[in-house]
Amino acid sequence: SDLALIPMHASGTSGRAGVLVVGLNPYRLLDEGYRNFLSLVSGQISASIANGQAYDEERKRAEALAEIDRAKIQFFSNVSHEFRTPLTLMLGPVEGILRTGRDLPPDVLRQLEAVHRNSLRLLKLVNSLLDFSKIEAGRMEASFEPTNLSDLTGEIAGVFRAAIEKANLAFTVRCLPLADPVLVDRDMWEKIVLNLVSNAFKFTHEGVVEVELRPAGESVELVVADTGIGIPPEELPKMFNRFHRVQDSRGRTHEGTGIGLALVQELVKLHGGTIRVESVLNAGSRFTVSIPLMREEADARRPRNGARRTHRRS
Ligand code: ADP
């Protein structure tokens, strides 16, 4: 006979059993060596088929995941919009009452203040989610303006002075004058500074919160450091993951969703910059944001690291 039928075994989970049909060399004895050779050939072929199938399935899985991701982003973005309108409509009247209703009974005022505080919290969260979904959908458009970053940073940080000092912490803000205006999106920069300083405050029970802005070669660096509870070393690589929170961390409040730092990182990336964290447990943390200096004329039209230089805002 000149044909051999060799069973091909299913290999792995996705392999298919089949039969390999080969024409035999009539001048060669079908001995042990020949048989081995043929079964190796069949093994190779079934392995290649299995690889191909695995690759195909992997690709389909990746496509399915991307599709889910798109749906999720779309969902977040719709929902955040829908949450924001009624929230804004509730905040207005509450603020109105709080402004004019000083003669209300104290416990009513206290309750209204709680409503107000928590509505603001919810609004902040909804806004962060909205920012996030915009970033993910590539629809977050930065508007970069030449800015005295030293003054701006000092002003934003200054908002915290009263609260931090009231909690018996020292607060040092050192914003060194920079040679040139820096191109930043001011709203985004504000979110970056606010998030980092409010975290430093939240996780520090004694000592000092420090904010520093300084030139560093072709970049400008923002450092927000604290003498707070610190971050366990195994958590450090996960700090900028979305919704990641350190278990059992003893913050000033238990509020938090783990979205702040992830958002900060995205905003920094939109500036072509980087953020890193160093921390020692029970000693303190130091977040360093570094963004490249862009000279207005030469660089405004030349995006760096994928940062987009479009100037439209929604
Ligand atoms: P949130 O504060 O809403 O939980 P973040 O993304 O801002 O979200 O922070 C995530 C987690 O990182 C916090 O829950 C906290 O455990 C930890 N963290 C952030 N900043 C500090 C800090 N300065 N010191 C210690 N832990 C911090």
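Only this structure's heavy atoms are used, side chains among them; waters, hydrogens and symmetry mates stay out. Just follow the structure's listing: the first ligand is 1, and inside any ligand the first atom is 1. Because the structure is a prediction, the values reported are computed rather than measured.
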Colleague: Which bit of T204 gets closer than 4.0 Å to ligand 1, counting heavy atoms only: side chain, backbone, both or neither?
Modeller: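 The answer is neither; T204 stays 4.0 Å or more away.
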Colleague: Does S285 have a heavy atom less than 4.0 Å from any atom of ligand 1?
Modeller: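 Yes.
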Colleague: I'd like to know whether ligand 1 has E235 as a neighbour, heavy-atom separation below 4.0 Å.
Modeller: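 The answer is no: ligand 1 sits nowhere under 4.0 Å from a heavy atom of E235.
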Colleague: Does G230 come within less than 4.0 Å of ligand 1, judged by its heavy atoms?
Modeller: yes
Colleague: For E266 and K269, run salt bridge (Lys or Arg N to Asp or Glu O under 4.0 Å): C-alpha distance rounded to whole Å, both residues' side-chain angles, the deciding distance at 0.1 Å, then the answer.
Modeller: CA-CA 5 Å; E266 294 299 331; K269 276 195 211 156; 3.7 Å; yes
Colleague: Does M239, backbone or side chain, put an N or O under 3.5 Å from an N or O of ligand 1?
Modeller: no
Colleague: Provide the number and element of each atom of ligand 1 under 4.0 Å from a heavy atom of F287.
Modeller: 20 (N), 23 (N)
Colleague: Compare every heavy atom of S80 with every heavy atom of L130, then report the nearest pair and how far apart it is.
Modeller: CD1-CB, 3.4 Å
Colleague: Testing V224, T172, D226 one by one against E210 for a side chain to side chain contact (heavy atoms under 4.5 Å, CB included), which residue passes?
Modeller: T172
Colleague: So is D226 touching ligand 1 or not, going by heavy atoms under 4.0 Å?
Modeller: yes
Colleague: Below 3.5 angstrom, do we get any N/O pair linking L261 and ligand 1?
Modeller: yes
Colleague: NZ of K124: more than 12 outside heavy atoms within 6.0 angstrom?
Modeller: no
Colleague: Of the non-hydrogen atoms in D185 and E141, which two are nearest, and what is the gap between them?
Modeller: OD2-O, 4.3 Å
Colleague: Report the residue from V193, I192, L194 that forms a side chain to side chain contact (heavy atoms under 4.5 Å, CB included) with L196.
Modeller: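 Passing option: I192.
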